[in-house]
Structures are given as structure tokens and as C-alpha cells.
Amino acid sequence: MNTRTIAVIGGGIVGLCTALSLQQRGFAVTLVAPETSREMTSYGNAGVITQASVIPLNIPGLLGKVPRYLLNRDPALRIAPAFLPRATPWLLRFMRGCQAESVASRTASLARLIRPALAAHRHWAREAGAESLFHETGWTKLYRHPQARERVSLECQLWDANEVAYEPLTGTALDQVFDGASRHYTLGLRIPETAYVDSPGALVARYRDLFLARGGRWQCASVAGIEPVAGGFRLQGGDTRYAQVAVCAGPWSRELVAPLGYRPPLAFERGYHQEFTLGAGQGLAMPFHDVEGAFVCTPMNGGVRVLTGIEFDARDRKPTPRQLQRVLPRVRQVLALGEAQGEPWLGRRPSLPDGLPMIGAAPRHPGLWFAFGHGHIGLSTGAVSGEWLADDILRGREDPQRGAFSPARFA
């Protein structure tokens, strides 16, 4: 068997970037994924590729918010009551990572993954004719509370330690985000080394078109399982044998690897968005995160995409867009929203409790590789994740310097 035949399972941004990177290195790649649709996690994200995303969510100070979170009094997080017993083991592991030393170490690891992210996407966007989808305007975190400077001191220290450039905005300087921002916020932190994509779904489609134009094979199907066979692997329901398989299926990855004995502690951080036109005279120059308001707004498709925080619930449970309903009045306090464009969208962000994706070799099956668990930073890190995994596959082993991301840490 040709040892360079490989199936990449997953057609989102991580799977496509992995497939393109393998193809560039001379592999015969089959991409196995359903048709691109609104169901994909890569379709509905904030579209932001930013250096600021080096800080994991579990940081010192989070423990003090636990009572509000458990009582669903904070719009940043909703836990479905019936799901709490199932979510508790993951949440306990997540909370154990709030120590300062752990946060500093994981932030440094994420910085290595995110620092080259925009350059990696620029490369594929240029090859795919998708450069017009990218807008390098910066990204801003906005704070309403008068004591915001004290509250962001740890964040700024971590950015400083990892060479993340940022610019404080106060007073009328806040209006560069959107007209009137200075009336609602006391502080902004603008991260200039940021781009946003005005249609993540279109970007996925362009990357897939590039993969096909370069001779890649796309098998439009869902995968039920992976079967080790002599000399490689076979995907359930098919006869083709592959020397190697890369699992990049996002929130559907765990069910593919569990029959092989892998139990990654993957949670599904559900999140919602809805798109709106902007009212007459209302502009939005760049994406922003209203921290206390617990929402993100990104210019999309001629209007604005409003995104919520996290909902812990069963992956496939029907949408319950309560968070969206809670934050929309807060959005309308600061932005003039027009008509809704379509119904609320639900996505499932695959997240591991240490906040780091899993990129590397399956510990007990040579030729099986993992790249999933990217949480909120899949778009930011997808292109670099694909390069890293392709390099590992080419050399036949993980880079030991990237051990923080190794699947073996959860073996």
C-alpha cells in the first residue's frame, strides 16, 4: 500500500487546512466530510483571527463567579439544569486549571500556536482567491465598568509576557470601533494584529475548492467509525484502505475514536448567533467583545453577526437560544440593529478542559492522528494546526517541542 494515502475526516477549517497542508507535502489525500452546511461549527463563528486569543478561559478569578454560573445568572454561561451532572466532571477539571502557574504555561503554549496564525491564513487565502474575505481592522474588547483597568490587569500581564500588542482606548478614541461607543464604555483594549473574515462559510468553501482544484478527492459522507486493518485503516461503510487517517471532525471526533479506546474529555460548548442589518447611519468598523454584556459583534454580510457566550447542554439537543434573547437588548443599547437576517444559529465548539487543542499522534495506533478540541479558537488556529499535523505525519512522529498539545496527555 502507498504509505502516503491518507483520509482526513472533517470538512471544517481544521480538516481543510490539514488536507491542504498534507497535499502540499505530497500526500494523496481524501477528505471525508458531509456537504458544507449551516450545521458546521466553522460556519457560525465570530470570524476573528487574533493574537489576543492566547489566554485560556480558565484563569484566576473565575472561581468567584461559579455561584452566578451555577444559578444561570450570568449571560456569559448557561448550564442546562438536566445536563449539570454530565458536565460536572469536565467543569471540575476545567476549574483545576485556574492556578496562575498553569495559566502562564498554557498561555505560552497557545501563543506558539496563534502567533503565526494570520500569516498561515494569508498564504491559503492568497492561493484560494479568498483575500477579499479578510479585513485587517483589529479587534477590541470593550468594558463598561468604571474599574475595568483593575479587572484587566492579569490579561494585560499575560499579553505582555507573550508579546501580544494592544492599545488602550478611552474617551472619544472608543468611537473608532463604532460611532457612539464612548457613550457606553469606559475602556477598550484594541488588538491590532487581528483580521476578521466577513463570511466564514465562504472561506471554508474557497479552501475546499482549492483542495479539489489541486487534485484532492472529496468523499461527501459522514463517517461511522474507523477500523484498523492490515497496513492501515478502513472507514466503516467503505472498502478503500488508507495508510493513515487524521481525525479533524470537531465535536464529532470523540465518537469516532472512542471505539478504539480513546476517551478524550471533550465538551461541547454550544453557542448561538443571529445576523442583523444595521440601522440607518450605524456603522461598525471592527469586531468587538462587550465583556460585561457577554456578546460579540462582527461585521458580516453587509450587516452584523451577534454571538453569545457558552451553553453547556447535550451536543444534539434542539436549540434553546435563551442567551441570545438575553443579550439582544444589551446589543440594542449600543448598536442600532435593523431587521434580523434569518433564524438564530446553533454551533457546538469542541473544547478540552485545559483549553489546548489536541494535535498529534494517537498513542496506541501508528498512522492515526488527531486534530480537534479547538474550542473558541478554531478559525484562528486552524491553518497552523493543519501545518503542524502535516509536519508530524511527514516525519512520522510528533514534534517533542509541542508536547503541550499531544493527545498522549489524555491517554
Side-chain angles (χ1 to χ4, degrees), residues 10-13 16 33-48 72 74-83 133 135 178 196-208 220 222 249-252 267-280 282-284 287-290 293-351 374-379:
I13 200 70
L16 279 165
E35 177 63 76
T36 302
S37 72
R38 284 173 57 93
E39 295 292 318
M40 295 175 56
T41 306
S42 292
Y43 173 88
N45 56 58
V48 176
N72 285 329
D74 193 314
L77 175 66
R78 176 181 178 271
I79 305 175
F83 191 70
L133 299 176
H135 306 272
F178 62 87
Y196 77 89
V197 178
D198 61 26
S199 178
L203 182 66
V204 168
R206 297 279 185 89
Y207 282 2
R208 189 181 67 191
C220 184
S222 297
W252 294 274
F268 312 111
E269 297 182 24
R270 291 158 48 114
Y272 298 86
H273 85 236
Q274 192 166 21
E275 293 184 6
F276 296 84
T277 60
L278 287 170
Q282 177 70 73
L284 178 58
F288 71 88
H289 176 198
D290 182 320
F295 64 84
V296 170
C297 290
T298 301
M300 291 263 180
N301 302 313
V304 59
R305 176 176 286 183
V306 179
L307 303 101
T308 71
I310 298 165
E311 177 185 64
F312 278 105
D313 204 342
R315 186 191 65 191
D316 298 326
R317 190 184 172 208
K318 67 180 182 180
T320 54
R322 294 183 180 91
Q323 284 171 294
L324 189 61
Q325 294 160 5
R326 288 184 69 181
V327 302
L328 281 176
R330 300 182 182 205
V331 181
R332 290 192 171 97
Q333 289 174 356
V334 301
L335 285 181
L337 298 184
E339 297 294 322
Q341 305 296 295
E343 296 299 313
W345 176 90
L346 166 65
R348 298 111 174 138
R349 293 167 289 214
S351 299
H374 290 73
H376 299 251
I377 57 173
L379 181 64

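Keep in mind the model is a prediction, meaning the values are calculated, not measured. Note that the numbering runs from 1 along the sequence shown for the chain.
- Within the 4.5 Å cutoff, the side chain of V331 has heavy atoms near those of the C297 side chain.
- Nearest approach of A46 to V296, heavy atoms of both residues: CB-CG1, 4.1 Å.
- Judged by distance alone, with hydrogens and angles left aside, the side-chain atoms of S42 form a donor-acceptor pair with the main-chain N or O of I13 at under 3.5 Å.
- Under a 3.5 Å cut-off, the side chain of E311 and the backbone N or O of R270 do not form any donor-acceptor pair.
- By the 4.5 Å heavy-atom criterion applied to side chains, N72 and I79 are counted as neighbours.
- Between the CZ atom in F288 and the CZ atom in F178 there is a gap of 4.5 Å [rounded to 0.5 Å].
- The minimum heavy-atom distance linking G11 with L16 is given by the pair O-CD1, 3.4 Å.
- Here F268 and F312 keep their ring centres 6.0 angstrom or further from each other.
- Closest of all the heavy-atom pairs between P75 and R326 is CD-NH2, 3.7 Å.
- Distance CZ/R330 to CG/L335: 14.5 Å, rounded to 0.5 Å.
- No donor-acceptor contact under 3.5 angstrom links the side chains of Q341 and T277, judged on distance only.
- Between P200 and M300 there is a side-chain heavy-atom pair separated by less than 4.5 Å.
- Heavy atoms only, all atoms of each residue included: G10 and A33 are closest at C-CB, 3.9 Å.
- The distance from the CZ atom of R315 to the CH2 atom of W252 is 6.5 Å, given to the nearest 0.5 Å.
- Heavy atoms only, all atoms of each residue included: Q274 and A340 are closest at NE2-CB, 3.7 Å.
- Under the 3.5 Å distance criterion, the side-chain polar atoms of Y272 are matched with a main-chain donor or acceptor of T320.
- N301 and E275 share a side-chain donor-acceptor pair at under 3.5 Å.
- Atom CG of L328 and atom CD of Q333 lie 11.5 Å apart (nearest 0.5 Å).
- Side chain of R305 to backbone of N45: a donor-acceptor contact under 3.5 angstrom is found.
- Within the 4.5 Å cutoff, no side-chain heavy atoms of R78 are placed close to those of I310.
- In this structure the side chain of V306 never reaches within 4.5 angstrom of the side chain of H273, judged on heavy atoms.
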Open item on the list: What verdict does the side-chain contact (heavy atoms from CB on, under 4.5 Å) test give for L379 and V48, after you've listed the backbone C-alpha separation in whole Å, the side-chain angles of each residue and the deciding distance to 0.1 Å?
Closed with: CA-CA 7 Å; L379 181 64; V48 176; over 6 Å; no
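- Looking at V327 and L307, their side chains never come closer than 4.5 Å, going by heavy atoms from C-beta outward.
- One side chain, S351 or E269, offers a donor N or O that lies under 3.5 Å from an acceptor on the other.
- Note that the OG1 atom of T298 and the CG atom of D198 stand 10.5 Å from one another [nearest 0.5 Å].
- Between the CZ atom of F276 and the CZ atom of R332 there is a distance of 5.5 Å, given to the nearest 0.5 Å.
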